[in-house]
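In the text below, chain A, chain B and the rest are named by the order of the sequence lines, each starting its count at 1. Remember, predicted model here, so these are calculated numbers, not experimental data. Below, each value reflects all heavy atoms present in this structure, side chains not excepted, and no hydrogens, waters or symmetry copies.
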2 protein chains.
Amino acid sequence: MAQKRSGQSISSRIPERTITRLSIYLRCVEELVADGMTAVSSQQLAERFGLNSAQVRKDLTYFGQFGVRGLGYYTVGLKQNLERILGLNQKWEVALVGLGNLGSALLNYRGFQQRGFRILVAFENDPRKVGHRVGRVAVYHVQKLVPILKRRRIKMAVIAVPAGAAQGVADRLVAAGVHAILNFAPTQLSVPKGVKVQNVDLSVMLKTLSFYVVRSARDPVSPSHRALKK
Amino acid sequence: MAQKRSGQSISSRIPERTITRLSIYLRCVEELVADGMTAVSSQQLAERFGLNSAQVRKDLTYFGQFGVRGLGYYTVGLKQNLERILGLNQKWEVALVGLGNLGSALLNYRGFQQRGFRILVAFENDPRKVGHRVGRVAVYHVQKLVPILKRRRIKMAVIAVPAGAAQGVADRLVAAGVHAILNFAPTQLSVPKGVKVQNVDLSVMLKTLSFYVVRSARDPVSPSHRALKK
DNA sequence: TAGATTGTTAATCGATTAACAATC
DNA sequence: TAGATTGTTAATCGATTAACAATC
């Protein structure tokens, strides 16, 4: 069951949700820094997201003691720490596999570049697309995936191929040494431990929404709940 | 603490994750039906996703008793039940707000249509885009949002506007009677109870991945974990 | 020093899983 | 009937929250 006391290896017991919240705290702290705030308390941070202040403090102390008792957290220092923890103090080179409908959209999506994530190679099956460039991104045949990613030491990839092809692509990515995969294919990928897959399953999300619409239709919001929240 | 015994109102205690898993079960059951399988056990279903068979059974019994002891679940019946529960036995009309980079991509994305979700109106701020059509989707000014959605009784919407504009859009959607929102804006929306927001925050996902790449770099996968899984 | 807020332990809550009687 | 698998209860596990001593 591994050590518990302070020496706790960071690789061990950190809940996935803590990591997700860390990114959210960072966004908030960035805004605070931009607004010229120098310090913020766990209570203030928590209020922004409807979280508990103890949770904010606990999330942060997984990685160190960043606060000052009686005062809170210095925004600039906290920002730097969060960036370091999340690995955002560096540029990331990302590979994209699949240039269909969704893949092309992602390639044009500026949101990736904003945070230092740069898609700089793409892979496709369709020979009509292979060999061209889209903007400054070169498009290669999927067969070239392993050698190219190995050579460039690319560790992050986005899968935007049909469900049926996704596992094969994932296997290649793993063979190429990729550590983290953003998977848009609506299928469960099987990868070795140590490789992180983040699924973005739009189809599942729509089905979930659909459930809640049906439910609201059946159980209308009770009057007491109407028009709360400013 | 509300009733517990069987009369349990469906609106009460169903974990959100159960709903997500329901959509996943459905996908699997669809494949099984297509393959001509007539029945499936909770064990078989669970194995496909690395879940626990008790969890599969528990998820399903929130909504009724669909199984046959000694046999499992009839695939066709289970499929129909899941579709009914998730509200997928009908077409959904969806509104899209924001026709920037991401919004346009979503409009072209065929994945939505596949499941009976049809984007049939879009809203924009930019007067150059308003008044045109994209395919068969009409583009209106955001100011028209409330009356148009009310008239058409649209209950689902996708937000693809910049973070700063998202809360304002959400308020309008709520005023128009929308019950479920798929939110791509990287911001926390505040909505009344009874309205479901599903966040798809690509930026948070990338930051999460980045964390795991950093971690793998520091704690390389132990040899014993290499190359497991089929 | 008095007031405030952290870091951390212990209590609580909710979700997952094991176990098994019911029953096909 | 014997074998299998459900539906469901009870045990386990993990994450959230309350509470408070430490300390700025």
Side-chain angles (χ1 to χ4, degrees), chain A residues 1-8 10-22 24-25 29 32 37-75 77-78 81-82 85 208, chain B residues 1-8 10-22 24-25 29 32 37-75 77-78 81-82 85 208:
Chain A
M1 261 285 130
Q3 301 295 91
K4 269 275 192 49
R5 227 72 220 72
S6 56
Q8 179 181 76
I10 282 182
S11 70
S12 46
R13 306 283 89 223
I14 295 166
E16 183 146 343
R17 292 175 161 205
T18 290
I19 308 303
T20 302
R21 285 192 297 262
L22 248 38
I24 295 173
Y25 301 155
V29 172
L32 293 173
M37 302 275 290
T38 58
V40 64
S41 72
S42 58
Q43 181 59 44
Q44 292 172 300
L45 276 173
E47 267 165 18
R48 296 226 178 184
F49 317 107
L51 299 175
N52 181 290
S53 68
Q55 184 164 66
V56 173
R57 296 198 297 278
K58 196 164 218 277
D59 283 342
L60 293 174
T61 49
Y62 279 116
F63 300 96
Q65 309 195 165
F66 305 134
V68 182
R69 286 165 202 234
L71 187 108
Y73 300 85
Y74 286 113
T75 53
L78 185 54
N81 273 302
L82 288 171
I85 293 163
T208 307
Chain B
M1 259 287 128
Q3 300 294 91
K4 269 278 192 46
R5 224 76 221 69
S6 55
Q8 180 182 75
I10 281 183
S11 70
S12 49
R13 307 283 88 222
I14 295 166
E16 184 147 345
R17 292 177 162 206
T18 290
I19 308 303
T20 303
R21 284 192 295 264
L22 247 39
I24 296 172
Y25 301 155
V29 171
L32 293 173
M37 303 275 290
T38 58
V40 63
S41 72
S42 58
Q43 180 61 43
Q44 291 171 300
L45 275 173
E47 267 165 18
R48 295 226 178 183
F49 316 107
L51 299 176
N52 182 290
S53 69
Q55 184 163 68
V56 173
R57 297 198 296 279
K58 196 161 218 275
D59 283 341
L60 293 174
T61 49
Y62 278 115
F63 300 95
Q65 306 195 168
F66 306 133
V68 182
R69 286 165 202 236
L71 188 107
Y73 300 85
Y74 287 113
T75 53
L78 184 55
N81 273 302
L82 288 171
I85 293 163
T208 308

Looking only at the side chain of B:A54 (C-beta and beyond, no hydrogens), which of the listed nucleotides C:dT8, D:dT6, C:dA18 gets closest?
C:dA18

If I take atom CD1 from residue A:I85 and atom CD1 from residue A:I19, how far apart are they, to the nearest 0.5 angstrom?
8.5 Å

Check the distance between D:dG7's P and B:N81's CG and give it to me in whole angstrom.
11 Å

Write down the partner of D:dG3 under the Watson-Crick or G-U wobble criteria, each distance required to be under 3.5 Å.
C:dC24

Look at the side-chain N and O atoms of B:Q55 and state whether any lies under 4.0 Å from the OP1 or OP2 oxygen of C:dA18.
no

Would you say B:S42 places a side-chain N or O within less than 4.0 Å of OP1 or OP2 belonging to D:dT6?
yes

Taking every heavy atom of A:Y25 against every heavy atom of A:D59, the minimum-distance pair comes out as OH-OD2, 2.7 Å

Rounded to whole Å, the CZ-C1' distance (B:F66 to C:dC24) equals 18 Å

Please report the distance, rounded to the nearest Å, between CG in A:L51 and P in D:dA18.
12 Å

Give me the atom names and distance for the closest heavy-atom approach of A:L51 to A:R21.
CD1-CD, 3.7 Å

When you match B:Q44 and A:D59 each to their closest nucleotide on DNA chain D, which lands nearer the 5' end?
B:Q44

Nearest-Å distance for atom pair CG/P, residues B:L71 and D:dG7
11 Å

Round to a whole Å and report the spacing from CD of A:Q65 to P of C:dT9.
11 Å

Output, in order, the C-alpha distance, side-chain angles, deciding distance and verdict of side-chain contact (heavy atoms from CB on, under 4.5 Å) for A:V56 and A:E47.
CA-CA 10 Å; A:V56 173; A:E47 267 165 18; over 6 Å; no

In terms of side-chain heavy atoms of B:S41, which of C:dA18, D:dT6, C:dT16 is nearest?
D:dT6

Taking atom P of D:dT5 as reference, at what distance in whole Å does atom CG of B:L60 sit?
16 Å

Nearest-angstrom distance from the residue atom OH of A:Y74 to P of C:dT6:
12 Å

Measuring from B:N52:CG to B:Q43:CD, what's the distance to the nearest 0.5 Å?
8.0 Å

Base, sugar-phosphate alone, or nothing: which one does A:T18 contact when heavy atoms must sit under 4.0 Å apart?
nothing

Main-chain N/O of A:M37 paired with A:T75 side-chain donor or acceptor, under 3.5 Å
yes

What protein N or O atoms touch nucleotides 20-23 of chain D N or O atoms at under 3.5 angstrom, if any, and at what distances?
residue, atom, partner, partner atom, Å
D:dA22, N3, A:R69, NH1, 2.8

So, does A:R17 get its side chain near the phosphate of D:dT16, meaning an N or O under 4.0 Å from OP1 or OP2?
yes

Phosphate-side-chain proximity, B:Y73 and D:dG7, N/O vs OP1/OP2 below 4.0 Å
yes

When you compare the side chains of A:R57 and A:T61, does any donor N or O come within less than 3.5 Å of an acceptor on the partner?
no

When the distance from CG of A:L45 to P of C:dT5 is rounded to whole Å, what number comes out?
12 Å

Given C:dA4, is OP1 or OP2 found less than 4.0 Å from the side-chain N or O atoms of A:Q43?
no

Hey, mind stepping through B:V68 and B:Y74 against side-chain contact (heavy atoms from CB on, under 4.5 Å) and telling me if it holds?
CA-CA 8 Å; B:V68 182; B:Y74 287 113; 3.7 Å; yes

Write down the partner of C:dA18 under the Watson-Crick or G-U wobble criteria, each distance required to be under 3.5 Å.
D:dT9

Quick one: on DNA chain D, does B:S53 or B:K58 contact a more 5' nucleotide (nearest heavy atom)?
B:S53

